[in-house]
Protein chains: 2
Amino acid sequence: MKDATAPQTRIQREKRELILEAALDVFAAFGFRGSTLDQIAERAGISKPNLLYYFEGKEAIHAQLLARLLDTWLDPLRELNPKGDARAEIRAYIFRKLEMARDYPRESRLFANEILQGAPRIGDELAGPLRALVDEKVTILRAWMAEGKIAKVDPYHLIFAIWATTQHYADFDVQVRAVLGRDDEARFHDAAQFLEQLFFAGLDPR
Amino acid sequence: MKDATAPQTRIQREKRELILEAALDVFAAFGFRGSTLDQIAERAGISKPNLLYYFEGKEAIHAQLLARLLDTWLDPLRELNPKGDARAEIRAYIFRKLEMARDYPRESRLFANEILQGAPRIGDELAGPLRALVDEKVTILRAWMAEGKIAKVDPYHLIFAIWATTQHYADFDVQVRAVLGRDDEARFHDAAQFLEQLFFAGLDPR
DNA sequence: TGGTCTTTTGACCAATTGGTTAAAAGACGC
DNA sequence: GCGTCTTTTAACCAATTGGTCAAAAGACCA
C-alpha cells in the first residue's frame, strides 16, 4: 500500500478516512509539531505501524488534511456573485462563513494553527490562489461601492473583518464559552444577528 | 537559584528576561507542546542546563509568560470608562486593541495558541477574572444602549467582534501579508480607518 | 591572593519521538 | 481446504525530548 493515489478497496478507503478523522482532532488541537503519531493512532483505535501502513508519515497525513481543507475553505468566497444584489451577497457570505465555523470548527482550528505558525506548508497557496481569489472579489466589492450599493470602505479589510469575526467562534470557542457561560445554545443565532447588525448598520443608534 | 520569587542580582534579572524573550518567540510560533527547551536555549544564546538553572522547567517558563500576558492583556478593556462618551470610549478601545496587535504580536499569538489548544493552563482565568471583567463592561455597554448613545446590539458579541477584528492582524499576520502584498506599511493605518467605519457606520452607503 | 558564592557547561539519563522490519493473522477467490 | 494477497502488530531503532549532576569557570570581596 502506502500509495496515496487511488485507494482501491472499501476497507482502505474506510481506514484512511478513520485515520484522517483522528488526525484532524489531534492536529487541530496541538498543531503539527505538538501532535504525535501515537496520539493519532490511539484516537483512531489502531496501532502506529498500522497507521503508517496507510500513510507515508506524519507529514503526509497533515498534508492531506490541509489539501482537503483548502479545497473547501474558500468555497463561500467563491460563491460571491457579482451579478447578485450587493447587500444580499455579502450577507449570504457572512452567514456561510459563520455556518462553517459552527459545522467545521476543527478545520478552522487546523487552518488557524497553520497560519499562526507562519504557514510553513501552505505559504504558496496563500500567496497564489488565495490572493488571486481575494483580488477578484475585491474588484466586485469595489464595483458595488462605485455604484453606491454599499459604503466605500477598504475592501481587503472588509474581507479580513468577515474572516476574523466568523472564524473567531470556532478558533476561540473556549473563550467564547467561558464568557457566555457553559452551553449557550443560542450562541450562533445571536452571533448571526449581531454580525448582520454590525456589518449593515454599525453602532449608529437608529 | 531556581526560586522564581524575587530575583535578586542584576545578572539574574537580565538572564531571566533574556530567556523569557527567547521563549516568547518560540512558544508564540509553535505552541507549548510544539516548542523545545533546546530551541529556547539556542535562541537565548545559552546552554540548556544554564536555562534550567534560571527556571524550574518548561512549564515554569510558559506559566510566567502567560501570567505576564494576562496581567496586561485586558488593560485596554479595563480602561473603558462608563463616565466617558460612549462612542469615544468604544473607539478608543478598538484603537488600543489594534495597537496591541501591532506592538505585541507575539503575545497575541501566545494567547491564541493557548486558546486554540483548549486553554488548558488558563481556563480558570477565563472563567473567573476575564468573564467578570466582560460582564462588568457589558453592563456599561447596555446602559449606553438604553440611553440611545449607541445602537442596541448584543454587547457580548460586540466585544468578541472587537477582539476578533483587532487580534486578527497579529494572529493571521502571514495571511494578511500574503493577500495585501509583502510589506504594506500603511496596513495598520488602513485597518484603523476601516474598523472605525465598520463599527460606527456599517456598510450602509451614506 | 585566597576563599566563597554564583554561574555555566559537558556528559549523561530515561522517556518519547517518527519510523522500520519481519513475521503473524485475516480476507478472499478457487 | 489452499494459495495468494492484504492487513495488522510485536519488537526494534536512532534521534530527540525534558531534565539531572558534578565539576569547572567566573564574580566578588576580604
Side-chain angles (χ1 to χ4, degrees), chain A residues 1-27 29-66 113-114 117 120-121, chain B residues 1-27 29-66 113-114 117 120-121:
Chain A
M1 243 286 282
K2 277 205 177 166
D3 190 0
T5 63
Q8 290 125 358
T9 74
R10 176 187 53 89
I11 202 171
Q12 279 173 10
R13 248 177 288 117
E14 284 177 3
K15 275 283 159 70
R16 285 179 66 93
E17 208 49 49
L18 184 78
I19 292 167
L20 286 172
E21 181 68 14
L24 181 54
D25 273 352
V26 177
F27 282 133
F30 302 108
F32 181 76
R33 294 193 30 181
S35 303
T36 73
L37 290 180
D38 291 283
Q39 265 182 296
I40 297 170
E42 191 191 345
R43 177 144 338 198
I46 64 176
S47 67
K48 186 166 61 171
N50 197 195
L51 184 156
L52 287 163
Y53 170 73
Y54 288 102
F55 286 91
E56 300 245 5
K58 191 181 174 182
E59 288 272 5
I61 305 174
H62 193 250
Q64 173 89 37
L65 284 174
L66 277 183
N113 259 308
E114 176 69 10
Q117 300 182 8
R121 287 159 244 277
Chain B
M1 244 284 282
K2 277 206 176 166
D3 190 0
T5 63
Q8 289 124 358
T9 75
R10 176 186 53 88
I11 202 172
Q12 279 173 9
R13 247 177 288 118
E14 283 177 2
K15 275 284 160 70
R16 285 178 67 92
E17 208 49 50
L18 185 77
I19 292 167
L20 288 172
E21 182 66 15
L24 181 54
D25 273 352
V26 178
F27 283 133
F30 301 108
F32 181 76
R33 295 194 28 183
S35 303
T36 73
L37 290 180
D38 291 285
Q39 265 181 298
I40 297 170
E42 192 191 344
R43 177 143 339 197
I46 63 175
S47 67
K48 187 166 60 170
N50 197 195
L51 184 156
L52 288 163
Y53 170 72
Y54 288 101
F55 287 91
E56 299 244 6
K58 191 180 175 184
E59 288 272 6
I61 305 175
H62 193 250
Q64 173 90 40
L65 284 174
L66 278 183
N113 259 308
E114 176 69 9
Q117 300 181 10
R121 289 159 241 276

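In what follows, chains are A, B, ... by sequence order, proteins preceding strands, each numbered from 1. The figures that follow rest on heavy atoms only: side chains count, while hydrogens, waters and symmetry mates do not.
When the C1' atoms of four end pairs are superposed on the next four at each end of the helix from C:dT1-D:dA30 to C:dC30-D:dG1, using five pairs per end, the two resulting axes differ in direction by 10°, to 10°.
Looking at the side chain of A:T36, the nearest of the listed nucleotides C:dG18, C:dT20, D:dG19 is C:dG18. With D:dT20, D:dG18, C:dG18 as the choices, the nucleotide that has an atom nearest any side-chain atom of B:L37 turns out to be D:dG18.
Not counting sequence neighbours, the partners of A:E59 by the side-chain contact (heavy atoms from CB on, under 4.5 Å) test are A:F32, A:R121. Partners of B:T36 under the side-chain contact (heavy atoms from CB on, under 4.5 Å) rule, at least two apart in sequence or in another chain, are A:R33, B:D38, B:Q39. With sequence neighbours excluded, the residues forming a salt bridge (charged side-chain N to carboxylate O under 4.0 Å, His left out) with B:E14 are B:R10, listed by chain and number. When the side-chain contact (heavy atoms from CB on, under 4.5 Å) test is applied to A:A29, no partner is found at least two apart in sequence or on another chain. B:E42 pairs by the side chain to side chain donor-acceptor pair (under 3.5 Å) definition with nothing, not counting sequence neighbours.
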Checklist outcome for this item: Reading nucleotides 8-14 of chain D from 5' to 3' and marking B where a protein heavy atom lies under 4.0 Å of the base, S where only the sugar-phosphate is that close, and - otherwise, the string is BBBB---
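Across every non-hydrogen atom of A:A44 and A:I19, the tightest pair is CB-CA, 4.4 Å. Counting all heavy atoms, side chain and backbone alike, A:A23 lies closest to A:I61 at CB-CG2, 3.5 Å.
Here B:Q12 does not reach the OP1 or OP2 of C:dT6: none of its side-chain N or O atoms lies under 4.0 Å away.
The list of salt bridge (charged side-chain N to carboxylate O under 4.0 Å, His left out) pairs with a residue in residues 17-26 of chain A, not counting sequence neighbours, reads A:E17-A:R68, A:E21-A:R106, A:D25-A:R43, A:D25-A:R106.
When rounded to the nearest whole Å, the span between CZ of B:R33 and C1' of D:dT16 equals 15 Å.
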